[in-house]
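Single-structure report; data block below.
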Amino acid sequence: MNAKAIGIIIAFTALTTALNFVRIPAPYNPVLSYQLSDIVLIVAFLLFGLKVGITIAGLHMILKMTIFVDLSGPVGPPYYLIAFLSMFFGVYLFEKLVKLNKSDKGLSKNVALSTSLGAFTRTLIMLPLDYIVYGFLVSVVSGLSIAESYELVIIAMPSMIFYNITVPIIMIPTSYFIAKKLSRYTSSMFKSPFIS
C-alpha cells in the first residue's frame with residue numbers, strides 16, 4: 001500500500017471515529033440511535049473497495065472499543081461492526097451481482113435497489129442477533145433473569161426491526177450521493193471501487 005492509500009485509511013478512520021460523537025436518538029426507542037459514522041464507512045467502501053473498507057471498519061471498531069466505553073462494554077463495537085457489515089452486505093451483493101446501469105439515469109434505480117437489499121440483509125441478519133445480544137445485555141445490566149430479559153426484548157423487537165429497516169434507508173442513499181460527488185476527485189488509487 002502506498003502513502004496516499006495509508007493517508008486515506010487514516011483520514012476515513014479518524015472521521016468515522018469523530019462522528020461517533022454525533023448520534024441521533026431514535027424517537028421510538030431510547031436505546032437506539034442513528035450514527036453518522038455509517039455514512040463515512042459506506043462511502044469508503046464505495047470509493048475504495050472492499051479491502052480498504054474492511055480495514056477502515058476494523059480500525060474504527062478497535063478505536064471505538066478503546067475510546068467510547070459504554071454499558072455494552074466489549075460487546076458493543078463488534079456488534080456495531082456486524083450490524084454495519086450486515087447492511088453493507090446487501091450493498092455489496094447489489095454492486096457485484098445486480099447492478100443495472102452505471103449512467104446517471106440508472107443511478108436512482110440502482111440506489112433504490114441497493115438500499116432495499118441493504119435493508120433486507122440487515123434486518124434478516126440482525127433479527128436473531130438483536131434477540132440474543134439484547135436479551136443477554138438486558139439481563140446483565142438490569143439483574144433480571146434471562147427469561148424476563150428475553151420477554152422485554154420481544155416487546156421491543158418491533159422497534160428494533162423498524163430501526164434495522166430505517167438505518168439503510170437513511171444511510172445508503174446519502175452515502176451514494178456523497179460517494180458520487182467525491183468520486184470525481186479520487187483517482188483509481190485503489191483497485192475495484194464500486195463507484196466510478
Side-chain angles (χ1 to χ4, degrees), residues 5 7-24 26 32-64 68 76-102 104 106-126 129-130 162-196:
I8 294 243
I9 289 170
I10 291 170
F12 270 79
T13 303
L15 185 56
T16 57
T17 304
L19 284 175
N20 278 310
F21 291 109
V22 182
R23 293 177 181 221
I24 302 165
L32 304 172
S33 62
Y34 296 98
Q35 299 180 37
L36 297 183
S37 55
D38 286 351
I39 294 171
V40 178
L41 288 172
I42 296 171
V43 168
F45 272 95
L46 292 172
L47 287 177
F48 309 120
L50 195 59
K51 183 179 173 184
V52 172
I54 287 179
T55 303
I56 293 168
L59 289 171
H60 174 247
M61 181 193 73
I62 292 167
L63 287 172
K64 201 170 180 181
F68 299 97
Y79 181 77
Y80 169 80
L81 180 63
I82 292 168
F84 171 78
L85 291 175
S86 69
M87 172 178 62
F88 189 76
F89 181 63
V91 176
Y92 179 77
L93 284 177
F94 176 78
E95 290 291 335
K96 285 296 185 184
L97 305 174
V98 183
K99 194 162 188 176
L100 304 173
N101 188 350
K102 283 196 169 194
D104 285 338
L107 183 63
S108 60
K109 186 183 277 189
N110 286 345
V111 171
L113 290 172
S114 179
T115 301
S116 299
L117 199 51
F120 176 76
T121 56
R122 179 174 175 129
T123 305
L124 187 68
I125 293 168
M126 293 309 295
L129 284 175
D130 284 343
F162 184 73
Y163 175 76
N164 283 323
I165 292 170
T166 56
V167 168
I169 289 173
I170 295 166
M171 304 302 171
I172 293 173
T174 307
S175 301
Y176 268 100
F177 174 77
I178 293 169
K180 191 70 176 164
K181 295 292 181 189
L182 290 176
S183 67
R184 68 180 95 162
Y185 302 110
T186 59
S187 62
S188 60
M189 66 179 90
F190 298 101
K191 291 181 178 153
S192 69
F194 296 116
I195 298 284
S196 54

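M61 approaches P78 most closely through the heavy-atom pair SD-CA, 3.6 Å. R122 approaches A83 most closely through the heavy-atom pair NH1-O, 3.4 Å. Across all non-hydrogen atoms, the minimal contact from P173 to P168 is CD-O, 3.4 Å.
Distance check: E95 CD to Y92 OH gives 10.5 Å after rounding to the nearest 0.5 Å. For the atom pair OG1 (T174) and CG (L36), the distance works out to 9.0 Å, reported to the nearest 0.5 Å. Summarising the geometry, atom CG belonging to L63 is positioned 4.5 Å from atom OG1 belonging to T17; distances are rounded to the nearest 0.5 Å. Atoms CD1 and CD1, on I165 and I170 in that order, are 12.0 Å from each other to the nearest 0.5 Å. Put simply, CG on D38 and CD1 on I42 are 6.0 Å apart, with the number rounded to the nearest 0.5 Å. A distance of 11.0 Å separates OG1 in T13 from CD1 in I8, rounded to the nearest 0.5 Å.
Counted by atom type alone, T115 and Y176 present zero donor-acceptor pairs between their side chains at under 3.5 Å.
Proximity of V167 to F84: side-chain heavy atoms (C-beta onward) are nowhere separated by under 4.5 Å. In this structure, the side chains of N164 and M87 stay at 4.5 Å or more apart for every pair of heavy atoms. Between F94 and V111 the shortest side-chain heavy-atom distance does not fall below 4.5 Å. The shortest side-chain heavy-atom distance between L113 and L117 does not fall under the 4.5 Å cut-off. A heavy-atom distance below 4.5 Å is not found between the side chains of H60 and V40. The shortest side-chain heavy-atom distance between L46 and I178 does not fall under the 4.5 Å cut-off. Residues F45 and L85 are in side-chain contact: their nearest non-hydrogen atoms beyond the backbone lie under 4.5 Å apart. The shortest distance between side-chain heavy atoms of L93 and F89 falls below 4.5 Å.
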Step by step, work out the side-chain contact (heavy atoms from CB on, under 4.5 Å) result for L41 and F88. CA-CA 9 Å; L41 288 172; F88 189 76; over 6 Å; no
Derivation of the side-chain contact (heavy atoms from CB on, under 4.5 Å) call for N20 and T16: CA-CA 7 Å; N20 278 310; T16 57; 5.7 Å; no
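The backbone N or O of Y163 sits nowhere less than 3.5 Å from a side-chain atom of Y34 that would complete a donor-acceptor pair. Judged purely by atom type and a 3.5 angstrom limit, T121 uses its side chain to pair as donor or acceptor with the backbone of G118. Between the side chain of S175 and the backbone N or O of M171, at least one donor-acceptor pair lies under 3.5 Å.
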